[in-house]
Each structure stands twice: as structure tokens, then as C-alpha cells.
Amino acid sequence: MTFEQAREVLEANGQGHVLRFWQQLDAAARRALLAQVEAIDFAEVARMRRLLASGASAAHVTPRPAPVVSASRRVRDEAFAAGEEQLRKGRVAVLLVAGGQGSRLGFEGPKGAYGIGPVSGRPLFYFHARKIVRLTRLYGRPVPFYIMTSEANDAATRACFEAHGYFGLNPADVIFFKQGVWPALDAEGLLLLEEPGRIFVSPDGHGGTLTALAKNGCLDDMAARGIRSVFFFQVDNPLVDIADPAFVGLHVLCGADLSLKLCRKCSPTEKMGAVSILDNGRYGMIEYSELTPKQAARFKYGSPAIHVFSLAFLKREARKAMPLHLAHKKIAYVAQDGRRVKPDAPNGYKFEKFIFDVLPDAKTVVNLAFDRAEEFAPVKNAVGEDSPATCRMALEAKWRRWLAAAGIAVPETVPLEIDPAYANGAKELKANGLLLGAE
Ligand code: UTP
């Protein structure tokens, strides 16, 4: 893009001020600024400005809990067999969103590189990747692993995988792709400059996954590999049962667009999304922050963001504009006169897309209840609830239960860790000849 083209597009969109400091910039800064302008989707900026001008928040809905199924033994077995068949045919991919900033944990580097192993101190990525190693070995077909990173953590994420030999996965089946960034606006709807030659941008939220998948050719890559179902999860939960055949199988048997695993909330006001029936009969996710305590108490189940998407549905949704959510934030900027301003009150609006906003478009949805103790203990905070300490305890308790069921009682004082590539449950531990002289 040339200077003239940049000026034209900026002025046409009421953002001519972006080139205010052009004369002061050196050649490299000029090139970088032009590249930034070229990358901006001004149709999206126009949507942001409309949202800002309307002052609208999320559409009002009357929260009504959606039904949640607890599969019977028979259904579970049937679904498990169907899921195994999908894995055997190489039709399942795994999608991890790991582009977050992990600000609450306060860890330098990608959250996935955080050492969570109770004995080994191995990173969260290890516990995810090793489950895929097991699936690949068990079903004899690659399970491609798509990992969404961010501009800030992409290089460090790749470096973590390389340093650990991809945790035993084939590098050709580990596909990194970067989440998009987009600008923030001030109260007048103007782009903010964080440097005289740089527009302030921030990640577009986990809903940006769809755009990023499409833009980086991942949806085409999935189609070329014969993928039909995509298992989606978040980086901070090492208990997650990746591509659980029963879940994938139920999704496929029901012909669902989207399936969600839901668990019982610990308390009525626990901070989890709630799946609600909308007025048109479809389902929608309501954020905990949008519910009054009384409304929240009506929802017994919450969503830990463990989903299966059908690839066809992802493709359809990637072509649509997702709703925007805005947050009023403090954003340091360069003022008109060149002064650098560090505001002490929110002065700008950041915009985000949320992946669960595709839910109302899904024609068939499966809401499957799961046992929280087995599959969910996220690392969100540095200390207290949902911290590394509570997560390690949950991991060890789960493995201790497996060992007990396999006939080995391990006292709570003994630190414990099981390689997820080795087994996923007591039966498999036993079948694999177990360790520790079990016989
Ligand atoms: P969280 O909402 O817990 O955010 O992300 P976070 O960035 O990990 O942590 P905080 O809020 O800053 O403390 C849930 C999941 O969504 C991913 C995260 O990596 C995590 O797996 N995510 C979040 C993205 O991939 N991109 C985003 O822009 C935001």
C-alpha cells in the first residue's frame, strides 16, 4: 500500500489523523504503518463505530436453562463406539485456543508453557499433546492438532514445542496459526496511536478463532485431511478429555452442528457461561456477568468451553460477522500534539468476539453433562481458587482414583503423575501392564 492509498482509505473512513506524524517517521516506521493500515478491516471498524454510537449492549434475553443430557450407559457405549470409528477413519481434529494473555496467572510466556506437572513440572502443553499421542497410537491415524497463538506468544509457543520434540507428536500434524488483532477506538470512534507511527491494536478475542482459521487456510487444510469433527478446548485445563470418543460419537450420531460439555457449577454464582433457550427456541450462551444472582442460581450447569464443532458448521460461521463485545479500558496513546498520555481512567474501547456467539446459529446442539472432578480444573489465578495448586490437586486425585481402581492404593502424601500417552483410565493402566509391580 502506498502513502496515497493509505491516506485515501483513512480519510474515507474518518481516520485521517493516523498519518498526522508521517513527516517525523523514518522509512522503516513508515513501511510498518502502511502495513498496519493495509491490514485493518475497515468494514469491521465501521461495525465497531456503530456499536459505540448506539451504546447498545447484548440483546436482552430472558434466561431459561437449556436441557442437559446425561447419557445412559447404553447410549454412552454406542456413542463411544461411533467416536472411535471417527478417530479410526481420521475424521477428528483438535483445536486449542492458546492466544490469551494469561494476565491473572501473571506468568511470563504462553500459559501453555506453564509447568503444571505435580512431579515433573512439565508444561500444560505436554498434558494436551501427550493425549493426542495416545489417540494417534490407539487409532492408527493422525489427529491434527491446530493451536491458535497470538502475535505476542506465537514464537514462544513454537519454541516450547520444538524444545520438547513436539512432545512426541509428528510436527507435520501440529499446526500453529495466529489469532488476529484489530484496533481500539476512543470515545469519538477514532483509532488510537500508541506510537507516532503505530496504531494501537489488541487481540480480537477467542471468537477470532473462526476468522483466523479461515484466513490461515486451516479450514481448507482440515477438509483436505478428511476431517469432519473438531474438538475445541482451552489451554488452561490439563484434565480435559481430548477428543473423548463418547462426546465426539454423540455429536456425530445426533448430526449436531455444535456440542457442548457442561458441568455442575460449584456455587450458583460460579463464573461460568450459561446455556439458555432463546425466544426463537435456539440456544445461546449468556455470560455470568450478564445474569443477576437470582437468574444465575437457576442455571445448575456451566460451560467450561469444551466443544465439538462439525467442520461444515465452522465453515459456514467463518463467513459470517460475529457480534462484537466492547470493554472500556485504559489505553496509553499519543495525543494530537505528540504528548504521550497514560490515562488513569478508561479512555478507549477494546472490542472482542466470543466463540460461543455462534451457538444460536447451530440447528442441532448436544449439551452433555460430564463429571467435573474427572475433566475440569482450570489454571486461571496465581493463588486461591482455580490456581496451579488446586489444579495439581485435582490431577493427582484423578490419577489416584485410577490407580485405586486398578488395585493400587497410593497415599495422598505421595506425589503422583501419569503420562497421558500411557493411559486414560484405570482399565488402560491395568491393560498396559501397570507399573509399580501391581501383580
Ligand atoms: P481466558 O478468558 O481465561 O483468558 O481465556 P486468558 O488470557 O487465558 O487469561 P486472563 O483472563 O488474561 O487471566 C480462555 C481461553 O481462551 C484463550 C486463552 O488462551 C484460553 O485458552 N484466548 C483468550 C485466546 O485464545 N484468545 C483471546 O484473545 C482470549
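For ligands, and for the atoms within them, numbers begin at 1 and follow the listed sequence. Just the heavy atoms: all of them, side chains too, but no hydrogens, waters or symmetry mates, feed the values below.
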Distance filter under 4.0 Å to [X] heavy atoms, resulting ligand 1 atoms:
X      : result
Met148 : 25 (O)
Gln101 : 7 (O)
Pro203 : 28 (O)
Gly205 : 27 (C), 28 (O)

So does [X] pair up with [Y], basic N to acidic O under 4.0 Å?
X      : Y      : value
Asp344 : Lys330 : no
Glu428 : Arg134 : yes
Glu396 : Arg392 : no
Lys89  : Glu85  : yes
Lys398 : Glu375 : no

inquiry  = In terms of relative ring orientation, are Tyr349 and His328 parallel, tilted or perpendicular, with 30° and 60° separating the classes?
reply    =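 Tyr349 vs His328 ring planes: parallel.
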
request  = Go through the steps to decide whether Phe80 and Val248 satisfy the test side chain to side chain contact (heavy atoms under 4.5 Å, CB included), and finish with yes or no.
outcome  = CA-CA 8 Å; Phe80 196 92; Val248 173; over 6 Å; no

Residue and atom name of the nearest protein heavy atom (relative to [atom]), distance in Å to one decimal:
atom                    : result
atom 26 (N) of ligand 1 : Gln179 OE1, 2.8 Å
atom 23 (C) of ligand 1 : Gly100 CA, 3.7 Å
atom 25 (O) of ligand 1 : Gly99 N, 2.8 Å
atom 12 (O) of ligand 1 : Ser103 OG, 2.5 Å
atom 4 (O) of ligand 1  : Arg104 NH2, 4.1 Å
atom 6 (P) of ligand 1  : Gly102 N, 3.6 Å
atom 5 (O) of ligand 1  : Lys380 NZ, 4.4 Å

query = For atom 8 (O) of ligand 1, which of Glu352, Lys111, Lys353 has the closest heavy atom?
reply = Lys111

remark   = Restricting to heavy atoms, the pick from Val97, Leu105, Leu96 nearest atom 20 (C) of ligand 1 would be Val97

key: cation_pi(Lys261, Phe247) dist<6.0 Å, angle<=45   = yes

task = Determine whether the aromatic ring centres of Tyr146 and Phe177 lie less than 6.0 Å apart.
result =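 Centroid separation for Tyr146 and Phe177: 6.0 Å or greater.
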
